[in-house]
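All heavy atoms count here, side chains included; hydrogens, waters and symmetry mates do not. First the proteins, then the strands, lettered A, B, ... as listed; each starts at 1.
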Number of protein chains: 2
Amino acid sequence: MGKPTVHDIAREAGVSLATVDRVLNDRAGVREKTVARVRDAVSRLGYVRDLSAANLARQRRYRFVFLLPDTTSQFLHALHDAVLEATAALQLDRCDIEVMHVSVGDPVALMAAFDRIEAAGIDGVAVMASETPVLRDRIGRLKTQDVAVVALITDQPNSERDHFVGIDNVAAGRTAAVLTGRFAGGREGKIGIVVNSMMARDMVERRIGFDRVMGEGFPNLTVLPTMEGRDDHAMTERVVGQFLDSNSDVIGIYCAGAGMRGLTKALEDRGLGDKLIVVAHDLTQHSRAALESGVIDVVINQNAGHIARSAARVLKAQCDGVDVIASQEKIRIEIVLRENLP
Amino acid sequence: MGKPTVHDIAREAGVSLATVDRVLNDRAGVREKTVARVRDAVSRLGYVRDLSAANLARQRRYRFVFLLPDTTSQFLHALHDAVLEATAALQLDRCDIEVMHVSVGDPVALMAAFDRIEAAGIDGVAVMASETPVLRDRIGRLKTQDVAVVALITDQPNSERDHFVGIDNVAAGRTAAVLTGRFAGGREGKIGIVVNSMMARDMVERRIGFDRVMGEGFPNLTVLPTMEGRDDHAMTERVVGQFLDSNSDVIGIYCAGAGMRGLTKALEDRGLGDKLIVVAHDLTQHSRAALESGVIDVVINQNAGHIARSAARVLKAQCDGVDVIASQEKIRIEIVLRENLP
DNA sequence: GCGGATATGATTGACGTACCTCATTTTGCC
DNA sequence: GGCAAAATGAGGTACGTCAATCATATCCGC
């Protein structure tokens, strides 16, 4: 005998199909005692609702929104592409995904986006934005409307988001540090760090992890104060250039944030292309090229494709009230060398 | 208007539902001209068959077999667990997965397993076994029966398998080499290599990749002849022990195969636990512990969970005649340090 | 034990596809 | 032009679930 159906439940519980349906779909008008009888039959027979039949019957489509910053960076671009790819693939699974680019630093614009999401009756939202009280509250409000919410890249730890899709940035910083330290092989020297801005939580966390490992494991290396590139190539090039010109014994640079083109430019202009140990974040067109040419030694990557698919899967699972495979949804800190470039 | 249905196709093509059905399901008895008319309408309207409705109607279940070696190793154990986990998750997607453990070195037993698979009317097979002409032919025969076939871990490059789920072992060897070399930081010394057996293609490939990078990039390091551990802890411990005792200036070991427990035992017994650079393959309970304690420095991993899920997804896509997301099915060469342990 | 509210039953028609039967039309061939 | 074979049409039932209607049964307070 195959999987039990609603008919089997009805028979087993001694009620009619209509009542089973009312119970399964949480409709009113059933006595508690009867509800219990049905629930009992469900667990006794091990009934699981056939989701595809259910979705077919109710003509269901899942509507998700990916809320991304409107700033541009190669990583964001890659993420956007990855979401589009996932969108195409999930079309067959009744999912409609829309990408909204919003000035996430602007609370008014951000809230307006959420208003539109709420008004449109969206089933789930993946939001990438830095943590603010306003956003936290807004996520709470979405949850009261039964909208699934996942935090993307940057966690919203004190909010009611259902899930975080991204990496542990402290661990990423530690990973960058240990690679830098071991590649240095005992030599003494200085290490520079470039970030977008120390206002961003991810950057701070990476720096914390980096410093901790450096302090514990590599006393031969001196980590210098953070340079801020403000997401801008020219700016990054300038600060890194000044840094290189005024420090003679630099042996490595950790680029925890964007602006990588400025960094490589500064290095190449000084003929340091393959002299320094350079660890950077996120595999993009540019960092891939720099890895291949040897300007960058290691890329610490959070896989954009994996992130996009994972977010979509988690949102769908949340809507369906189904468990996810934890290990599949764990975003790994990928270490990419020229030799294991995908 | 929503997605087009078979009714729309029938109307658009000016034929009846029955004919559309015959065309879509490749049934006989339709003139070529009519087939073309229907196909035309399909592409004109952008019709895609609703797979869940179709599967519902035909009460379809996908039956897959994972054919794994009956030898035991921690990696195989992890893979087995991963397949079971995937099985549970895919239960909801109408997939029944069975794991068969077979003595893959024994052609008779292997062929018997294939016979059973063929007789049982299985929809797809994921096979992990070394490449032989017998196996190649058998895969070809399966393909004539419309059974989906993927090669697992070890490719069957000249067979008609639909897909290979695993890593590029030459690249893995290169990756191991560059990490060993850079961790050595210019020091001179000897590097030992441990494998199961040089009969296995994966081992040979890893060794090739390792040697090439070492030869090109690290003239300060001397790679010594391969030690064969034959998948056995005691054996591995003995050969590694002898190696360590008779070579004074060993600074690193690359463990390309199984038997890791023997390796770590040999190292620890000589107080070399954290003295040597040790690069090993595959994240298991044991290698995780060794990584945490510092005996092993790097694990090159092929993610068992990813492999199991990917194989199942590819088999299903093959049965459905659907494309896979290439980037999702690319098994990455993971570099695992203590700092980025998942 | 009556009346009104509340629970439950019985039934039906979707959803999009598969697959079957039987009738009818068209085709190819001599 | 006639005939068999092939192609097509028309229609129905099924898959498991949802959602609705309407009739009937059971409950509760008085």
Check the pair B:Asp96 / B:Arg61 against salt bridge (charged side-chain N to carboxylate O under 4.0 Å, His left out), numbers first and verdict last. CA-CA 7 Å; B:Asp96 292 320; B:Arg61 302 226 27 121; 3.0 Å; yes

Test: A:Arg116 cationic atom under 6.0 Å from A:Phe114 six-membered ring centre, within 45° of axis: no

The single option from B:Asp115, B:Val127, B:Ile117 passing side chain to side chain contact (heavy atoms under 4.5 Å, CB included) against B:Arg138: B:Asp115

Test A:Val42 against every option in A:Val6, A:Asp8, A:Ile9 by the side chain to side chain contact (heavy atoms under 4.5 Å, CB included) rule and name the one that passes. A:Ile9

Base-contact (B) and sugar-phosphate-only (S) positions in nucleotides 11-18 of chain D, heavy-atom cut-off under 4.0 Å, - elsewhere: ----BBBB

Using the rule given for side chain to side chain contact (heavy atoms under 4.5 Å, CB included), can you reason through B:Lys316 versus B:Asp320, listing the C-alpha separation, both sets of side-chain angles and the distance that settles it, and then say yes or no? CA-CA 6 Å; B:Lys316 181 151 185 289; B:Asp320 291 339; 3.7 Å; yes

Would you find a donor on one side and an acceptor on the other, under 3.5 Å apart, between the side chain of B:Asp50 and the backbone of B:Ser52? yes

Tell me, with the steps shown, if B:Glu334 and B:His306 meet side chain to side chain contact (heavy atoms under 4.5 Å, CB included). CA-CA 11 Å; B:Glu334 295 183 3; B:His306 189 191; 5.6 Å; no

Can you give one letter per nucleotide of nucleotides 22-30 of chain D, 5' to 3': B if a protein heavy atom sits under 4.0 Å from the base, S if only from the sugar-phosphate, - if neither? -----S---

Take the protein atom CZ of B:Arg37 and the nucleotide atom P of C:dT26, then report the distance between them rounded to whole Å. 12 Å

Side chains of residues 19-29 of chain B: which donor-acceptor pairs under 3.5 Å do they make with residues two or more places apart or in other chains?
unit_1	atom_1	unit_2	atom_2	d
B:Thr19	OG1	B:Ser16	OG	3.4
B:Asp21	OD1	B:Asn25	ND2	2.9
B:Asp21	OD1	B:Arg27	NH2	3.3
B:Asp21	OD2	B:Arg27	NH2	2.5
B:Asn25	OD1	B:Arg49	NH2	2.6
B:Asn25	ND2	B:Asp21	O	3.1

Would one find a side-chain N or O of A:Thr19 under 4.0 angstrom from OP1 or OP2 of C:dG9? yes

